[in-house]
2 protein chains.
Amino acid sequence: MGMAQRRLSAEDWTGAALAAIADGGLATVAVEPLAARLGATKGSFYWHFTNRDALVEATMQLWERACTDAIIDLVEAAGDPPRKLSLLFTTVLGHARSSRLETNVLAVAEHPLVGPVVQRVTRRRLDYVEQLFTEAGFEAGEARRRALLAYTAYVGQAQLAARLPDLLPADTGGQGAYLDSVLTVLLSPAGG
Amino acid sequence: MGMAQRRLSAEDWTGAALAAIADGGLATVAVEPLAARLGATKGSFYWHFTNRDALVEATMQLWERACTDAIIDLVEAAGDPPRKLSLLFTTVLGHARSSRLETNVLAVAEHPLVGPVVQRVTRRRLDYVEQLFTEAGFEAGEARRRALLAYTAYVGQAQLAARLPDLLPADTGGQGAYLDSVLTVLLSPAGG
DNA sequence: GTTCTTCCATACGGCACCGTATGGAGCGTG
DNA sequence: CACGCTCCATACGGTGCCGTATGGAAGAAC
């Protein structure tokens, strides 16, 4: 933690806003508190942005870039589809902070500046997971359904991890067993 | 929509607060807007409640009573465990409004007056679903894991239904196929 | 119909945040 | 060292909500 820096950039503000969303949700993205946190005042903010909405918009663009592209690229480096799904789940549920961010972003998807971004991102992720299930050998309709189940399970998991962590497996062993079980179930052969 | 009633009860306020949570989240539970909606003023509110927190507390108690007991009782009337799970999912995901309420309540589980209630309710629901999987023949650990998967899938499904309904199966046929697929997968035999 | 209790409207002060206006510090450029 | 451009602190007015104070209307008791 160094001294407060002398001058701020727009990225400093969007970064702080993203952290605030992870901490307390979009409602805590308020100009004055953020300024205090950055060791500055509103004067700085209103030079970089026309108003709060502009900050929210820029922050959502940052989120879209940082929190979807990166993961897909990482996962694609793995081998077969089952391994990809496993890596996807472990990566995505590993860090508590990302769960909080995901959850708090989705929670305000009704906001006109947030909804379109969340919609794009979610659609893209769903398509990607569907592709993984297709590669794993499921026919189109079933692959879509499995992807939906996997993604809703992810969303719910992130939600519980962020809000009620006590209810999830606490020890590493339990988490591993749970992950194995989830993957086994999600990849179970399609019933006729 | 009848005329504004002459006098209000505490239940009128908690009911309106619950509706406001479903509509716009806990943040929209504000005394003056609620009063306007009820055709009254703050004067009424502060006679029935000491402050906003008291309303939030009473509203959460209402939610706990109304939105968990009822469903479990309903589901228990069904036959075998698979049918119970099926009924549970269809009932619980059927009405868009309940998804919004569920989602918006869980979203503010960090609030000190909300967290304990949500924790109690969620624990109880998880235990109940675990019991269903146990009745369906799964051993204890696996039943717990399936219950967790089923419940996280429910939470994620409610979230998407409330925020991004476009991404879920639109037609009734697609919904039915999806529900069948989910139940088949969740009840697939445990892998060795 | 008076009296008492219940319930509520109005008026007020306070707080947190938004956005604007304005002057001035810091730094590059000649 | 002057000059100009970039960046920011301060001060101000406006809004929406909280909670209090107070007087008064609506209904019950008799």
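Residue numbers start from 1 in every chain, and the chains themselves are labelled A, B, ... in the order their sequence lines are given, proteins ahead of strands.
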| query | Would A:Gln131 and A:Glu135 satisfy side-chain hydrogen bond (donor to acceptor under 3.5 Å, both in side chains), going step by step from the backbone distance to the final call? | reply | CA-CA 6 Å; A:Gln131 174 192 328; A:Glu135 290 175 8; 3.0 Å; yes

| query | Cut-off 3.5 Å, side chains only: do B:Gln157 and A:Tyr151 have a donor facing an acceptor? | reply | no

| task | Ignoring the backbone of B:Arg7, work out which of D:dA26, D:dC17, D:dT6 is nearest its side chain. | result | D:dA26

| query | Going by distance alone, is a donor N or O of one side chain under 3.5 Å from an acceptor N or O of the other, for A:Gln159 and A:Tyr154? | reply | no

| task | Round to the nearest Å and state the distance from A:Leu34 atom CG to C:dA16 atom P. | result | 17 Å

| message | Whether B:Arg124 and B:Asp127 form a salt bridge (side-chain N of Lys/Arg under 4.0 Å from carboxylate O of Asp/Glu) is what I want to check. | response | no

| message | Once side-chain hydrogen bond (donor to acceptor under 3.5 Å, both in side chains) is applied, do any residues pair with B:Asp53, and if so which ones, sequence neighbours excluded? | response | none

| request: Figure out the CD/P separation between A:Glu32 and C:dA16, and round it to whole Å. | output: 10 Å

| message | Using the side-chain heavy atoms of A:Leu8, tell me which of these nucleotides is nearest: D:dC17, D:dC8, C:dC8. | response | D:dC8

| message | The criterion is salt bridge (Lys or Arg N to Asp or Glu O under 4.0 Å); which residues satisfy it with B:Arg125, sequence neighbours excluded? | response | B:Glu102

| request: For DNA chain C, find the residues of residues 45-56 of chain B with a heavy-atom distance under 4.0 Å and give them by number; none if there aren't any. | output: B:Trp47, B:His48

